[in-house]
Amino acid sequence: MKTLFRPALTLFVLLSAVTGIVYPVAVTGIAKVLFPDAAEGSLIVVNGKPVGSRLIGQNFTDPKYFWGRPSATGPMPYNASASSGSNQGPLNPALKEAVKARIDALKSSDPSQTAPIPEDLVTASGSGLDPQISPAAARWQVPRVARIRGLNVAAVNTLIDAHTEGRQLGLLGEPRVNVLALNLALDRLAKP
Amino acid sequence: MTTHAWLLLGAYLVILLLVAKPLGIYIANVMEGRGFAMRLGGPIESVLYRLGGVKKDEEMGWLKYAFAILLFNLLGFLAVYALQRLQLWLPLNPQAMANVSPDSSFNTAISFVTNTNWQGYGGESTMSYLTQMLGLAVQNFLSAATGIVVVIALIRGFARHTAKTIGNAWVDLTRITLYVLLPISLVYAVFLVGQGVIQNFDAYKNVTTVEATRYDAPKLDAAGQPAKDDKGNAVTESVSLRTQSLPMGPVASQEAIKTLGTNGGGFFNANSAHPFENPTPLANFIQMLSIFLIPAALTLTFGRMVGDMRQGWAVLAAMTLLFVVMAVAAMSFEHQGNPLLASLGTDTSVGNMEGKETRFGIADSGLFATITTLASCGAVNSMHDSFMPLGGFVTLWNMMLGEVVFGGVGTGLYGMLVFAVMAVFIAGLMIGRTPEYLGKKIEAYEMKMVSIAILVTPLLVLAGTAIAVMVPAGVAGIANPGAHGFSEILYAFTSAANNNGSAFAGLSANTPFYNTLLGIAMWFGRFGVIVPVLALAGALAAKKRITASAGTMPTHGPLFVVLLIGTVVLVGALNYVPALALGPVVEHLMLGLAH
């Protein structure tokens with residue numbers, strides 16, 4: 001079996017070099033040329049300063065903004081350097097308590113809104129960084145945001161429509177609204 | 001199930017089956033040393049062989065082949081272990097990630113070498129870019145290549161007769177890496193960047209967020225250690241933060257081979273749920289396709305190499321039927337939503353969204369979960385731990401079927417062929433004839449190897465789970481109370497021994513106890529099957545071919561497909577029903593009571 005050592009070691013080193021160095025460097029080079037923005041994290045720049053990524057959600061709790069999915073990352077929500085879901089099982093009492101607290105917070109933010117709350121607004125996302133909410137979850141928050149910002153409901157609804165993406169190719173995924181992009185557009189439209 | 005979910009499943013199957021045949025035939029050509037890839041890459045191959053002293057026309061018997069594979073994988077283990085232990089002093093570590101602990105390094109090294117990609121660590125807070133690309137991603141390639149060459153060797157065992165050898169392991173490993181895995185990954189990785197997956201070597205980027213985040217942070221004392229009050233509880237202070245640290249790294253290149261090689265180890269902790277790993281529904285769909293791509297193609301490589309495409313289609317049909325049933329089950333259970341949350345006054349009509357991403361919703365999450373658990377991939381785009389009890393049951397049972405329904409690259413097909421031998425053996429017993437498969441008599445030695453290959457995994461799963469629930473170090477890891485906690489441990493060992501790598505991730509498994517025990521389960525779950533499969537290959541290759549007679553059961557028709565499905569389901573069910581009854585089944589009954 002001694003005859004196996006040399007080929008094993010040589011091939012391991014050479015194939016490692018090809019798949020572990022040449023390949024990722026090649027992909028990086030091609031990506032930088034074809035998709036420089038995406039390769040660097042799809043950053044949103046306002047007045048020359050990066051304020052976030054189109055793909056990574058941020059924490060919103062101020063009633064003048066649309067709120068995103070609850071985030072289970074620690075120690076703070078939407079911690080982009082420690083992605084995580086809650087991993088709470090469906091019968092876990094802690095899940096029920098957490099959801100109840102989120103429902104209470106949403107209801108107290110707008111006591112006049114009595115429609116049932118869409119589930120994605122009260123359940124933690126898988127990554128803890130979900131940048132989007134369902135259009136229903138955005139609509140549920142419209143009366144509150146419109147009232148605080150002194151906008152009429154129709155204008156806010158139009159803004160949501162403009163930020164709603166449908167299913168990709170008409171089939172894949174779910175309709176969704178990017179919360180950070182929506183809130184930035186809202187700030188441009190009307191300072192509260 | 002919604003119409004949309006049916007359409008999604010339909011589109012997935014049509015595209016998968018359309019691309020499977022051309023790729024399958026291409027792989028057969030590559031492994032037989034024919035075709036345009038060989039002419040193109042021939043010179044590179046020759047250089048590699050000259051440097052390595054490989055005589056490419058000199059074939060190996062099964063024992064030598066097995067030693068070559070084991071040695072090659074042992075080197076991989078040592079390299080990944082060393083990279084983790086030394087990463088602080090090596091280049092491409094802009095976040096100054098510390099060296100990883102010995103037990104976690106041991107676990108992760110085995111995990112990636114065995115194509116399991118179980119992850120006790122969080123990638124973005126643990127691994128340097130160098131460890132990710134030169135350690136983990138390399139093993140994504142090489143462990144996938146290992147799985148494929150083993151099934152090719154087994155196929156040669158069926159295709160050849162009165163032969164002493166089953167191929168040259170070095171040539172097989174090189175060709176599958178250079179001509180199949182690498183070119184597909186390159187194109188696929190660039191596509192992923194186009195969808196938004198990051199690919200760079202920058203340090204993490206700090207951005208100023210729109211709103212400040214207030215949270216309770218652990219207070220540090222003068223020495224920089226977490227402060228404790230008089231009662232020994234940690235002291236926290238309210239902190240306001242306006243920066244978000246966006247993780248960076250060479251993600252797309254690793255992501256491509258992660259799913260193509262059914263590895264499943266994410267660059268980030270949240271895996272394919274992370275928007276930087278899986279940013280759009282289209283990226284998600286291609287990831288799902290790439291997981292089943294090679295396993296599906298290999299069934300037709302098999303048909304081609306044994307000279308009867310119908311044999312390949314029969315195996316593919318059995319896999320497809322089982323897959324459709326499981327996919328429909330998972331999507332339906334998750335669509336039903338959590339009645340406990342509905343009672344709080346939320347609108348749960350979309351389904352169970354805890355642990356799921358908005359862009360994927362229920363259908364794309366349920367389908368992904370089915371594919372990843374059937375294929376021994378283990379990438380996740382939603383958190384299985386938060387699935388409904390029966391949704392979680394499906395993901396668990398998918399793995400318990402032995403990862404043969406499509407299964408891992410190579411491993412799925414050799415596992416299924418082992419079941420096929422078992423199926424003809426059972427059929428032979430029923431009519432009192434010596435069983436035969438593809439012109440080879442199945443005798444005592446073959447059945448011994450088949451039995452070992454089938455029984456190793458359940459033994460590791462059930463013994464490992466039993467040990468973990470009996471010792472404090474095992475129980476300490478549980479996150480969810482009640483039956484679900486038992487499911488977390490059962491899932492961990494099922495995932496490890498079947499080389500899947502997904503998790504009920506609430507379980508705190510980055511401890512010396514779990515790192516060691518799961519490491520052992522992964523190693524033997526992989527090589528404890530590969531060695532008997534290669535022995536089977538050697539024994540089959542040496543046999544004479546017998547011509548089919550009136551008493552031979554045809555192995556390409558519906559009867560055989562049903563028999564094969566029956567064997568897989570029966571073995572899976574008999575091994576695990578008692579354990580499943582204690583976990584997800586009890587949990588489902590409790591849900592009924594609580595509601």
Side-chain angles (χ1 to χ4, degrees), chain A residues 1 4 6-8 10-12 14-16 19-20 24 27-28 30-31 35 38-42 50-53 55 58-60 62 75-76 80-85 87-92 96 99-100 116-120 122-123 125-127 130-134 168 172-174 176, chain B residues 48 51-54 67-68 71-72 75 124-125 133-134 138 141 170 177 189-190 193-194 196 198-200 207 209 211 213 215 217 244-247 250 253 268-270 273-275 279 281-282 285 338 341 346-348 353-359 361 364 382-383 385 388 480 484 505-506:
Chain A
M1 294 300 148
L4 292 174
R6 182 175 156 209
T10 320
L11 280 182
F12 179 74
L14 293 176
L15 289 178
S16 292
T19 58
V27 173
T28 310
I30 299 169
F35 310 108
E40 296 292 325
S42 306
V51 297
S53 163
L55 295 175
Q58 292 186 6
N59 188 41
F60 288 102
D62 192 320
M76 72 293 234
S81 38
S83 59
S84 170
N87 286 311
Q88 284 162 343
L91 273 81
N92 192 336
K96 204 170 167 180
V99 170
K100 201 164 178 312
I117 304 172
E119 185 173 302
D120 57 315
V122 295
T123 49
S125 62
S127 62
D130 194 339
Q132 292 141 343
I133 52 175
S134 65
Q168 227 169 342
L172 307 177
E174 297 295 336
R176 57 211 181 275
Chain B
L48 294 182
L51 289 171
V54 176
F67 270 112
L71 189 59
F72 191 71
L75 288 174
E124 66 267 54
S125 53
M133 65 189 249
L134 193 58
V138 164
F141 278 99
W170 309 128
T177 307
V190 172
V193 182
I198 56 174
Q199 177 75 22
N200 60 59
V207 296
T209 55
E211 193 184 305
T213 299
Y215 68 102
Q244 194 180 34
S245 179
L246 300 177
S253 52
F268 302 118
N269 187 45
H274 198 293
L282 181 61
F285 189 74
N338 189 344
L341 302 190
T346 66
D347 176 6
T348 57
M353 282 300 286
E354 180 70 27
K356 295 194 179 63
E357 297 283 293
T358 307
R359 61 195 178 284
D364 291 69
S382 58
M383 298 302 131
D385 212 351
M388 297 308 294
N480 283 286
H484 198 86

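Everything quoted here is computed from the prediction, not taken from an experiment.
- Your options are A:P131, A:S134, A:P75, A:G85, and the one with the most heavy-atom pairs under 4.5 Å with chain B is A:P75.
- Chain B forms the most heavy-atom pairs under 4.5 Å with one residue out of A:V27, A:I133, A:T19, and that residue is A:T19.
- Interface summary for chain A: among B:G194, B:A189, B:P279, the most heavy-atom pairs under 4.5 angstrom belong to B:G194.
- With rounding to the nearest 0.5 angstrom, the OG1 atom of B:T177 is 8.0 Å from the CZ atom of B:F141.
- Among B:A270, B:G355, B:G52, B:P247, the residue with the largest count of heavy-atom pairs under 4.5 Å with chain A is B:G52.
- A:N59 approaches B:E211 most closely through the heavy-atom pair O-CB, 3.9 Å.
- Contact record, B:W170 with A:L11: CB-CD1, 3.5 Å, taken as the closest heavy-atom pair.
- Both the backbone and the side chain of B:N480 come within less than 4.5 Å of a heavy atom of chain A.
- In terms of heavy-atom pairs under 4.5 Å with chain B, the best-connected choice from A:I30, A:V51, A:D120, A:V99 is A:V51.
- Inspection of the B:T348 and A:E119 side chains reveals no N or O donor paired with an N or O acceptor under 3.5 Å.
- Minimum interatomic distance between B:L246 and A:S53 (heavy atoms only, all atoms of both residues): CD1-CB, 3.9 Å.
- A:L55 touches chain B through backbone and side chain together, each having a heavy atom under 4.5 Å away.
- Within the 4.5 angstrom heavy-atom criterion, no atom of B:A217 approaches chain A.
- Residue B:L341 touches chain A through its side chain alone, counting heavy-atom pairs closer than 4.5 Å.
- Only the side chain of B:H484 comes within contact range of chain A, with heavy atoms under 4.5 Å apart.
- For A:S127 and B:E357, the side-chain atoms include at least one donor-acceptor pair closer than 3.5 Å.
- Interface remark: B:V190 contributes backbone and side-chain atoms alike to the contact with chain A (heavy atom separation under 4.5 Å).
- The shortest heavy-atom contact between A:S83 and B:E124 is OG-OE2, 2.5 Å.
- Note on A:P7, A:P116, A:A31: by heavy-atom pairs under 4.5 Å with chain B, the leading option is A:P7.
- Two residues are said to be in side-chain contact when any heavy atoms from C-beta on lie closer than 4.5 Å; B:R359 and B:P275 meet this criterion.
- The contact between A:P118 and chain B is made entirely by backbone atoms, counting heavy-atom distances below 4.5 Å.
- Proximity to chain B (any heavy atom under 4.5 Å) is restricted, for A:L15, to the side chain, taken from C-beta onward.
- For chain A, the nearby part of B:Q244 is the side chain; its heavy atoms alone come within less than 4.5 Å.
- Residue A:R6 comes nearest to B:L51 through the heavy atom pair NH2-O, 3.0 Å, listed as atom of the first residue, atom of the second, then distance.
- Among all heavy-atom pairs drawn from B:S382 and B:A273, the shortest one is N-CB, 4.4 Å.
- Of the listed residues B:P250, B:S125, B:G361, B:G53, the one with more heavy-atom pairs under 4.5 angstrom with chain A than any other is B:G53.
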